[in-house]
Protein chains: 2
Amino acid sequence: MSAKIKDVAEWAGVSVATVSRVLGGGAVSIELRERVELAVAQLGYRPNLSARRLRSQHSKTVGLIVSDIRNPFFTAVSRAVEDVAYRAGMRVILCNADEDPDKEAMYLRLMQEERVSGVIFSPTGMTVRCFRADLYEFPVVMIDRDGPTGLTDAVVLDNRQAGKMLVEHLIGHGYRKIGGLFGKISTTGIERHAGYEAALAQHGLPSAVRFVAPSTEAAAAAVRAWLAEPDWPDALIVSNGLLLLGAVHALTEAGLSIPDDMALAGFDNDVWTGLVGHGLTVIEQPVYDIGVVAMEMLLARLENPSMAKRKVVLNGTLLPRASTNCRAGLAQTRAT
Amino acid sequence: MSAKIKDVAEWAGVSVATVSRVLGGGAVSIELRERVELAVAQLGYRPNLSARRLRSQHSKTVGLIVSDIRNPFFTAVSRAVEDVAYRAGMRVILCNADEDPDKEAMYLRLMQEERVSGVIFSPTGMTVRCFRADLYEFPVVMIDRDGPTGLTDAVVLDNRQAGKMLVEHLIGHGYRKIGGLFGKISTTGIERHAGYEAALAQHGLPSAVRFVAPSTEAAAAAVRAWLAEPDWPDALIVSNGLLLLGAVHALTEAGLSIPDDMALAGFDNDVWTGLVGHGLTVIEQPVYDIGVVAMEMLLARLENPSMAKRKVVLNGTLLPRASTNCRAGLAQTRAT
DNA sequence: GATTTCATTGAAAACGATTACCATTGGTTG
DNA sequence: CAACCAATGGTAATCGTTTTCAATGAAATC
């Protein structure tokens, strides 16, 4: 059994209050402070965080609920959240909800039991629609997906604009039959789709879309089915990295050339996107920044709970590469 | 302020002990049990985990200390650890130690303060050499890297054998000048290097190695420097996914063809390895299994602390692909 | 020199659960 | 009918901290 504060106090010949003050940076004479520090070192004393949290009523812990840590987007975000959190003296509890509203509810309940200081959460469309922030005693910062404005803080990408940007890039490179493949569970897919439709409508071009479950396999299957139909698009926009990989698999196994048989563009600058052929054109999200901003917003909210809710909208940047037949992209890839 | 157990007791007209028994599955008459459950539901009561942990002296929490969650190897492992942990009613605290012994020590101290039930840890070579398991009150399971046998439980890959396997694959495909690029911080790099040397020695072939810091950029720089020398190998073995990516970058930017100018093989079946050219030959680690086994070992150890220490050695599987000019690999890639 | 002020320190009361121990009840048995 | 027992509920101690409050003594003010 490890040493308790009482042992330290006895060893140093002071009261437990004094030890606590030394640890917490209170006012203690230099002499006692040294005696206590020596005792702490000699006994190898480590405070019990459960006791501390119970008494002081703040956990210094944040919950991070993502859909799947294996998605490079979320690993980058979580790394950023952790960096900022640990630097601020807070711990992080990570949960994978697998885009499943039941699991989300379960983890939210768990966060209450932990009495976390706050939660950073990337919810499904389902949960976002019926989320009642007032049910929880901790502030929530939504990331990637956003709910009805003003309910919680949020940091998201300008998905609509990014969707438009991708379509316009393709139009600018001469493509006219531009298909879209979007995730059907998250709100990001919906918004990117909206941008896609808006850009096409603006140019008087027809749209052709498929909505799929959020998995590489589902995307591959959808593209496979599409290729079996008589009439495919000559360019395809895919709404996130996981789905994009599925599309690549389906096109490769069909022996089709990118971009000659079908151009391809998508979201998320995952490492592999630079390595398919001469590179895939993608919208790069500021993944690390998203995590940093989310955690900083949470810290600010804890500092000042009554502050008006904020929504930070970040912009993606277009990385033109060879998969959309972009000469700039080709040149860049060769040079790199 | 949320409801406490006392409020529930008053609401239901019973004592706090009865409420606690209902929650903990003790012996309570059916009638009172129903009254309590109703009260819990109506008040939205959630037990305070800090209080529970303080009193019951077990945290039901495990620490997971990895070097970087952005490394796909560790994301897969961590996902597995979490799945098993949450299924066993335990929470996971994740820490990134960045291959830095100081950070490792800091997080280990944090784990003590949290009074975690156990820790799963992927230490640097430095920490592994001077790790004193008896300093900590929780059991530790080492993953990926292993310390002196018998000190802690461990689950690792048979790195030596995997290194040999890769060399023999290359020799079998006619390569004779086989270089090696290994990480210099972790023990995995050392062991894989040992297997590499052993296999070459067995065939009477010369070795040529470089050791680098564990980053993609360091690997790219090393390969770049190597290519500037007059005499490079005609095949290169790289000791992990991060470094392998660096090698690919360096070779690509030098305009060299894989495998015509240089064959390439490595470790970790990260998604992108299947997408470079017609695929990179790699040793695939059973990443998810490693996490599952590690967490299960930890649970077993908690169940029975006096059990003899175990070390589980898993085998990698060779995925022959086009980067080593492997016809089997080529065919497979085309078919997939 | 007496009174006020101030910085230190210690004693003890929380924090919110679990649980050992005791008291009550009603039924069964000798 | 007395006595014992099983089942159930309540009381209070406990976990290891932080924090309030009062006490102490030294310095400062008048």
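All chains are named by letter (A, B, ...) in the order of the sequence lines, taking the proteins before the strands, and each is independently numbered beginning at 1. These numbers come from the heavy atoms of this one structure, side chains and all, not from hydrogens, waters or symmetry mates.
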What is the distance, rounded to the nearest whole Å, between atom [atom1] of [X] and atom [atom2] of [N]?
{"X": "Gln57(A)", "N": "dT20(D)", "atom1": "CD", "atom2": "P", "answer": "13 Å"}
{"X": "Leu23(A)", "N": "dT19(D)", "atom1": "CG", "atom2": "C1'", "answer": "14 Å"}
{"X": "Lys4(A)", "N": "dT18(D)", "atom1": "NZ", "atom2": "C1'", "answer": "17 Å"}
{"X": "His58(B)", "N": "dT19(C)", "atom1": "NE2", "atom2": "P", "answer": "7 Å"}
{"X": "Lys60(B)", "N": "dT18(C)", "atom1": "NZ", "atom2": "P", "answer": "13 Å"}
{"X": "Arg35(A)", "N": "dT9(C)", "atom1": "CZ", "atom2": "C1'", "answer": "12 Å"}
{"X": "Glu31(A)", "N": "dT9(C)", "atom1": "CD", "atom2": "P", "answer": "8 Å"}
{"X": "Leu49(B)", "N": "dG16(C)", "atom1": "CG", "atom2": "P", "answer": "14 Å"}

Original post:
Considering only heavy atoms and no angle criterion, is a donor-acceptor pair shorter than 3.5 Å present between the side chain of Arg52(A) and the base of dT17(D)?
Top reply: no

Subject >> Quiz item: Arg55(A) side-chain donor-acceptor pair to dT17(D) base, under 3.5 Å >> reply: no

**OP:** Check whether any side-chain heavy atom of Val156(B) sits under 4.5 Å from a side-chain heavy atom of Asp144(B), and report yes or no.
**Re:** no

Subject >> Residue pairs involving residues 296-309 of chain B (criterion salt bridge (charged side-chain N to carboxylate O under 4.0 Å, His left out); sequence neighbours excluded) >> reply: Asp153(B)-Arg301(B)

**OP:** Can you sort out which residues in residues 107-117 of chain A have a heavy atom within less than 4.0 Å of DNA chain D? Ascending by number, please.
**Re:** none

Side-chain donor-acceptor pairs of residues 18-34 of chain A under 3.5 Å, sequence neighbours excluded:
| from | atom 1 | to | atom 2 | distance (Å) |
| --- | --- | --- | --- | --- |
| Thr18(A) | OG1 | Ser15(A) | OG | 3.2 |
| Ser29(A) | OG | Leu32(A) | N | 3.4 |
| Glu31(A) | OE2 | Arg35(A) | NH1 | 2.9 |

**OP:** Between Val16(B) and Leu54(A), just flag the one whose closest nucleotide in DNA chain D comes earlier from the 5' side.
**Re:** Val16(B)

Original post:
What nucleotide among dT17(D), dT18(C), dT18(D) has an atom nearest to a side-chain atom of Ile5(B)?
Top reply: dT18(C)

Original post:
Where the side chain of Ser20(B) is concerned, which of dA17(C), dT18(D), dT18(C) is the nearest nucleotide?
Top reply: dT18(C)

Original post:
Using rotation axes that map the C1' atoms of four end pairs onto the next four (five pairs an end), what angle separates the end axes of the helix from dG1(C)-dC30(D) to dG30(C)-dC1(D), to 10°?
Top reply: 50°

Subject >> salt bridge (charged side-chain N to carboxylate O under 4.0 Å, His left out), paired with Arg46(A), selected from Glu137(B), Glu113(B), Glu114(B) >> reply: Glu113(B)

Tell me every residue that passes side chain to side chain contact (heavy atoms under 4.5 Å, CB included) with [X], counting only those two or more places apart in sequence or in another chain.
{"X": "Ile185(A)", "answer": "Glu99(A), Thr124(A), Pro214(A)"}
{"X": "Asp134(A)", "answer": "Arg132(A)"}
{"X": "Leu242(A)", "answer": "Asn71(A), Thr216(A), Asn240(A)"}
{"X": "Ser50(B)", "answer": "Arg53(A), Leu54(A), Asn48(B)"}

Original post:
Are Phe121(A) and Tyr136(A) close enough that their ring centres sit under 6.0 Å apart?
Top reply: no

Original post:
Under the ring-ring contact (aromatic ring centres under 6.0 Å, His included) rule, what pairs show up with a residue in residues 35-90 of chain B, not counting sequence neighbours?
Top reply: Tyr107(A)-Tyr86(B)

Can you give me every donor-acceptor pair (side chain of residues 285-293 of chain B, partner residue at least two apart or in another chain, under 3.5 Å) with its distance?
| from | atom 1 | to | atom 2 | distance (Å) |
| --- | --- | --- | --- | --- |
| Gln285(B) | NE2 | Asp268(B) | OD1 | 2.8 |
| Tyr288(B) | OH | Asp83(B) | OD2 | 2.5 |

Distances under 3.5 Å between protein N/O atoms and the N/O atoms of nucleotides 6-9 of chain D, please, pair by pair.
| from | atom 1 | to | atom 2 | distance (Å) |
| --- | --- | --- | --- | --- |
| dG9(D) | OP1 | Ser29(B) | OG | 3.0 |
| dG9(D) | N7 | Arg21(B) | NH2 | 3.4 |

**OP:** Under the side chain to side chain donor-acceptor pair (under 3.5 Å) rule, collect the residues that match up with Thr75(B), sequence neighbours excluded.
**Re:** none

